Protein chains: 2
Amino acid sequence: MPGSKASEEARRKQILRAAYDVASRKGLAGLTVRHVAAKADLSTGLVLFHFKSKEHLVIALLDYVLETTTVLHLTEDIASIPSPLDRLLALLVREMNRLSAEPRRIRLFFDFWAQGFTHPLIRVRMQAEIDRYREAFRPIAAEVLAAEPDRFSHVTAEGLAAVAVGFIKGCAVQSMIDPKNFDFDEYLSAMQGLVGQLAPGAAV
Amino acid sequence: MPGSKASEEARRKQILRAAYDVASRKGLAGLTVRHVAAKADLSTGLVLFHFKSKEHLVIALLDYVLETTTVLHLTEDIASIPSPLDRLLALLVREMNRLSAEPRRIRLFFDFWAQGFTHPLIRVRMQAEIDRYREAFRPIAAEVLAAEPDRFSHVTAEGLAAVAVGFIKGCAVQSMIDPKNFDFDEYLSAMQGLVGQLAPGAAV
DNA sequence: TCTCGTATTGAACGCTGGACCAATAAGGAG
DNA sequence: CTCCTTATTGGTCCAGCGTTCAATACGAGA
């Protein structure tokens, strides 16, 4: 009765994709080994053959989600923007666009995040991920501070990076639960109105 | 064998407190009727006698959490601050202090928030709650805009209120998962550095 | 072609959770 | 005191879960 075999790596990916599909639809609470197996057209036993337990599967799924999520990086068009503050703003805009572009992925991310409160293995991974995200903002934040040292005398690059992350995650908190009523443009222009004026020659 | 009776209202509150205790420790995933009953020193049947089903209990718990959570309101000391922007900042500071003051409650809040992605009844309540929260910021945001109309020409009070909520929720996203490594003061001074300069006569 | 390791299956086990219910005690009304 | 409503109990049921396992089929190497 067994079906055709497949390589270890291919099977794991197939199962992880199925797990992602289930979890992104039903949430982590609705993620069961049986559902994953059914979605992947495999037996339940095989899922647990490749991932020793459900916990291993969940952690592997988290790693999969974090790996396949676009990491923050400076694209050429953004890097070429002269004003550091405009560069930071352009990055924020791009990240906010991702919120509406792949809501299911972001929701799953936050589902894991909330599970991290009680699950140590998930927690450490989420801590590392958010750290990584904040660190990606730091060099740009540092450039913003360097451009206007007197105005940001008591501000650190770490703090500014944290605020940048806060902008995005805070936007996500509001938009993920209520996409229809959340106005991205309003949020953006309010953000620009707050910080945009600090750049001396910034054309907004 | 039945124990002493109690009034409908008293029993419900007793059960809800037990449910809150369990959920704030173990998370919503660890919330079971049996645990709640045990924590309240009652039989499992009684819990389901007062709350017809577990779902009813969960929704009632959510309402309980939202009701007993301090609503955002202007205290006298904050209302007496002359500069609108300083008033807004003072509010943000107070809300951020609540994040570290009652982390378990906030974590439970976000747990519900994430469950709202897949559970319609939870979702509408969280939408309404976040709306309410944002609306509470709106009048203060409007005063900020009125104080400097030319600088905020394209900014609406709704947008500014949303950004204020974003500041706080974004701070929560980072601090709830990693309280030890998150620096509230750094976050705050970066925030003040960004927006504080906009107030002409603000002494920070 | 034969063989051996292993990927694969489907059924079975044990457990936990929500839900249900007959029996029972409690307390107020008459 | 008696009765009647109902809050309360503990046990039971059943569905669904993660996990285990003997049986089985596949495919590479000899």
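Chain identifiers are assigned alphabetically (A, B, ...) following the order of the sequence lines, protein sequences preceding nucleic acid strands; residue numbering begins at 1 within each chain. Predicted model, so just to flag it, every value in this text is computed and none were measured.
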*Asks:* Decide, yes or no, whether a salt bridge links Arg125(A) with Glu129(A) under the criterion of side-chain N to carboxylate O below 4.0 Å.
*Replies:* no
*Asks:* Which is more 5' along DNA chain D, the nucleotide nearest Lys52(A) or the one nearest Leu42(B)? Just name the residue.
*Replies:* Leu42(B)
*Asks:* Measure from CD on Gln14(B) to C1' on dA7(D) and round the result to the nearest Å.
*Replies:* 13 Å
*Asks:* For the side chain of Lys54(B), starting at C-beta, report the closest nucleotide among dT6(D), dG18(C), dT19(D).
*Replies:* dG18(C)
*Asks:* Tell me whether His119(B) at atom NE2 has more than 12 heavy atoms from other residues, nucleotides or ligands lying less than 6.0 Å away.
*Replies:* yes
*Asks:* Quick one: Phe51(B) CZ to dC20(C) P, roughly how many Å, whole number?
*Replies:* 17 Å
*Asks:* Please determine if Arg17(A) and Asp21(A) form a salt bridge, counting it only when a charged side-chain N lies under 4.0 Å from a carboxylate O.
*Replies:* no
*Asks:* Of the nucleotides dA19(C), dT8(C), dT8(D), which has the atom closest to the Phe49(B) side chain?
*Replies:* dT8(D)
*Asks:* Of all the heavy-atom pairs spanning Leu145(A) and Thr156(A), show the shortest one and how long it is.
*Replies:* CD1-C, 3.4 Å
*Asks:* Under 3.5 Å, is there any donor-acceptor pair linking the side chain of Arg34(B) to the base of dG18(C)?
*Replies:* yes
*Asks:* Rounded off to whole Å, could you give me the CZ-to-P distance for the Arg11(B) and dT9(D) pair?
*Replies:* 7 Å
*Asks:* Starting at atom CG of Leu57(A), determine the distance to atom P of dG18(D), rounded to an integer number of angstrom.
*Replies:* 9 Å
*Asks:* Quickly work out the Glu8(A) CD to dC26(D) P distance and round it to whole Å.
*Replies:* 20 Å
*Asks:* Nearest whole Å is fine: how far is dG17(C) P from Lys26(B) NZ?
*Replies:* 12 Å
*Asks:* Does Glu8(A) CD have over 12 foreign heavy atoms under 6.0 Å away?
*Replies:* yes
*Asks:* Would you indicate which nucleotide in dA11(C), dA7(C), dC17(D) comes nearest to any side-chain atom of His50(A)?
*Replies:* dA7(C)
*Asks:* From the list dG17(C), dA11(C), dT8(D), which nucleotide is the closest neighbour of the side chain of His35(B)?
*Replies:* dG17(C)
*Asks:* If you only use heavy atoms from C-beta on, which nucleotide in dT9(C), dA19(C), dT19(D) is closest to the side chain of Thr44(A)?
*Replies:* dT19(D)
*Asks:* Could you state the CG-P distance from Leu48(A) to dC17(D), rounded to the nearest angstrom?
*Replies:* 13 Å
*Asks:* How would you label the contact of Thr32(B) with the nucleic acid (heavy atoms, under 4.0 Å): base, sugar-phosphate, or nothing?
*Replies:* sugar-phosphate
*Asks:* What is the distance, rounded to the nearest whole Å, between atom CG of Leu46(B) and atom C1' of dA26(C)?
*Replies:* 13 Å
